There are 2 protein chains.
Amino acid sequence: MSYTYEHPRPALTVDCVVFGWDGAELQVLLIERAEAPFMGNWALPGGFVHMDETLDDAAQRELQEETGLADLFLEQLFTFGALDRDPRGRVVTVAYYALVNIFHHEKPQGGTDASQATWFPMEQLPTLAFDHTTILNTALERLRGKILYRPIGFELLPEKFSFTQLQELYEGILGTAFDRRNFRKKILSMGILNECGKVQGDVPHRKATLYKFDEPKYKQLEMNGFEFKI
Amino acid sequence: MSYTYEHPRPALTVDCVVFGWDGAELQVLLIERAEAPFMGNWALPGGFVHMDETLDDAAQRELQEETGLADLFLEQLFTFGALDRDPRGRVVTVAYYALVNIFHHEKPQGGTDASQATWFPMEQLPTLAFDHTTILNTALERLRGKILYRPIGFELLPEKFSFTQLQELYEGILGTAFDRRNFRKKILSMGILNECGKVQGDVPHRKATLYKFDEPKYKQLEMNGFEFKI
DNA sequence: TCAAAAGTGTTTCTGCTACACCCATGC
DNA sequence: GCATGGGTGTAGCAGAAACACTTTTGA
């Protein structure tokens, strides 16, 4: 079976930068390529866009197939179209970035054309196939920008989390330190967290209060002109 | 001549939302389509991506061909891939937005496959072909967001402009009013404008001081951590 | 009782907001 | 001299930043 067109067409792929947070470091999910080109190299999960799926659907499908991940925060990032970005010829890729709670998906599974899917700390990335390093850096920039004015950090945490966890997440991603009292004050004053008791487990010190992000409340506040801001 | 691939491929286009400012209203440059589909309808300038050009190059080329515009602020916006967005079949489009001084390009010229290119005020847009209304709205959102934290508003003004012009631009795009004194203070305190004398022409009142945006200065400040912010 | 993290208020400072009058120019 | 927009300073307020001690818990 083959397909013929009057004019040549670039191939179209999607690639996904999946970020996770292990409590200390930002992590990225990479797959080991099982096919040429760059066979055996690490790369972002991704693949060709099918004719009967939207770009968002393609990104979701590829993530599901290559990493087993589903139902995560997924947002279009940027489209990369450098002429020589793929040795197979002209391939344009629509990049996405995703945020996922790493502990809900600690053992991602390799799938069809990915022999492995593994978390890497941002600070110890392997060499990546194609222009995937560029894509990853773009995604990191976006994450750093967006986390300041949208409540997306919660996507990386467990459903219930302590203020220390939240603060360490922000500090780790942004590379800056915050005052504990001011941080707590600012977030609490937004009124988008619900307390859910000190369920924290066996720790050799005082138990922290755990909170949940109240998304419906946030959506409602947002509609009334409220803006999340760190 | 024809091109055959093992798998079907979406066609890939670029579309450009070109914004201009006439001193009172935000304007968008549209072309009248000379070919099916939507022949005779208004649409964003754009067209198919060639195999030997990047996406940015394609956007620039299409603008040049269809409107005569060159050397303008042009930035990738978003990629639209809904299944039914083009009646010819699966067409994915990488949208761009551009900012241009309307008085340097008052009479844009229609080109190859565009029989006319015309400025429309945002408030009086015709019905657009394809999903171009969606694209345009996305571009407007982006413009409104970005103008707050990047000095891109200057792209829409003449090289030399008065504070009133600048303020009216911001007020028009954002739909909010600013205090004249505070606005002036804030912008001046950034130190990114150079005074260039009261060259303003025949006006029946006091002549305004004109300013130029000092881009090198801005770039330098930016590198030292300065952030433009309205 | 010690170590380790949780929790909590107040003061200071900075930057934003609100606000009104005189100036220059052409008609 | 009048109509029109240009240009300017200050006081009050709100939100950000700085800052240190007490509490809880398990070992």
Side-chain angles (χ1 to χ4, degrees), chain A residues 21-24 147-149 151 157-158 160-172 174-212 221 224-230, chain B residues 21-24 147-149 151 157-158 160-172 174-212 221 224-230:
Chain A
W21 176 254
D22 68 357
I147 206 176
L148 293 174
Y149 66 94
L157 290 175
K160 298 177 178 186
F161 53 87
S162 70
F163 258 99
T164 300
Q165 285 178 290
L166 183 61
Q167 183 171 346
E168 283 173 351
L169 172 72
Y170 272 91
E171 292 182 336
L174 296 172
T176 56
F178 294 95
D179 178 86
R180 215 160 79 246
R181 280 167 291 194
N182 293 337
F183 186 81
R184 174 182 289 258
K185 241 180 303 178
K186 191 187 292 194
I187 306 273
L188 274 182
S189 72
M190 297 184 195
I192 55 174
L193 294 189
N194 289 333
E195 202 171 321
C196 46
K198 300 171 191 237
V199 198
Q200 198 184 36
D202 248 18
V203 283
H205 54 73
R206 183 169 175 176
K207 290 181 174 75
T209 307
L210 299 185
Y211 295 86
K212 278 189 204 178
L221 286 169
N224 298 336
F226 166 78
E227 292 184 16
F228 181 90
K229 185 92 207 321
I230 296 290
Chain B
W21 177 254
D22 67 356
I147 206 176
L148 293 175
Y149 67 96
L157 290 175
K160 300 179 177 186
F161 53 86
S162 70
F163 258 98
T164 301
Q165 284 178 291
L166 183 62
Q167 182 170 348
E168 283 173 352
L169 171 73
Y170 272 90
E171 292 182 336
L174 297 172
T176 57
F178 293 94
D179 178 86
R180 214 162 79 247
R181 280 168 290 193
N182 293 338
F183 185 81
R184 173 182 290 260
K185 241 182 301 178
K186 190 187 294 193
I187 306 274
L188 274 182
S189 73
M190 298 185 195
I192 55 174
L193 295 189
N194 289 332
E195 203 171 320
C196 45
K198 303 174 190 232
V199 198
Q200 198 183 38
D202 247 18
V203 285
H205 54 74
R206 184 169 175 176
K207 288 178 176 76
T209 306
L210 299 185
Y211 295 86
K212 277 190 206 179
L221 287 169
N224 298 335
F226 166 78
E227 292 185 15
F228 181 91
K229 184 93 207 325
I230 293 292

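Just so it is clear, the values below take in all heavy atoms, side chains as well, and ignore hydrogens, waters and symmetry mates. Computed from a predicted model, the values in this text were never measured in an experiment. Letters A, B, ... are given to chains in the order of the sequence lines, protein chains preceding strands, and every chain is numbered from 1.
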Side-chain donor/acceptor of Gln165(A) to backbone N/O of Ser162(A), under 3.5 Å:
yes
Just the rounded figure in Å: distance from C1' of dT8(D) to CD of Glu195(B).
14 Å
Heavy-atom side-chain proximity of Arg180(A) to Arg184(A) below 4.5 angstrom:
no
Could you tell me the separation between the CD1 atom of Ile192(A) and the CZ atom of Phe226(A), rounded to the nearest 0.5 Å?
5.5 Å
Quick note, His205(A) side chain, CB onward, closest among dA4(C), dT23(D), dT4(D) is dA4(C)
Could you check how far CZ of Phe178(A) sits from P of dG7(C), rounded to whole Å?
19 Å
Whether Phe178(B) and Phe183(B) hold their rings parallel, tilted or perpendicular, with breakpoints at 30° and 60°
tilted
The answer to which of Arg180(B) and Lys186(B) contacts DNA chain C further toward the 5' end, by nearest nucleotide, is Lys186(B)
Just how far, in rounded Å, is P of dG7(D) from CG of Leu188(B)?
10 Å
Is the shortest side-chain heavy-atom distance between Leu166(A) and Tyr211(A) below 4.5 Å?
no
Residue Lys185(A), side-chain atoms from C-beta onward, closest of dA5(C), dA17(D), dT4(D)
dA17(D)
dA16(D) base / Asp179(A) side chain donor-acceptor hit below 3.5 Å:
no
Whole angstrom value for the distance that separates C1' of dG6(D) from CG of Leu166(B)
15 Å
Send over the distance from Phe163(A) CZ to dG7(C) P, rounded to a whole Å.
9 Å
Nearest-nucleotide pick for Pro204(A), side chain only, options being dA27(D), dC19(D), dA18(C):
dA27(D)
How many whole angstroms separate atom CE of Met190(A) from atom P of dG15(D)?
13 Å
Whole-Å distance separating the CD atom of Glu168(B) from the C1' atom of dG5(D)
10 Å
Given the structure, check if the side chain of Lys207(A) and the base of dT23(D) hold any donor-acceptor pair shorter than 3.5 Å.
no
Nearest to side-chain heavy atoms of Arg181(A), which nucleotide of dA6(C), dT8(C), dG7(D):
dT8(C)
Lys229(B) or Tyr211(A), whichever maps to the more 5' nucleotide of DNA chain C:
Tyr211(A)
Respond yes when some side-chain nitrogen or oxygen of Thr209(A) is under 4.0 Å from OP1 or OP2 of dA6(C), and no when none is.
no
Under 4.0 Å: is that the gap between some side-chain N or O of Arg184(B) and OP1 or OP2 of dG7(D)?
yes
Round to the nearest Å and state the distance from Arg206(A) atom CZ to dC2(C) atom C1'.
17 Å
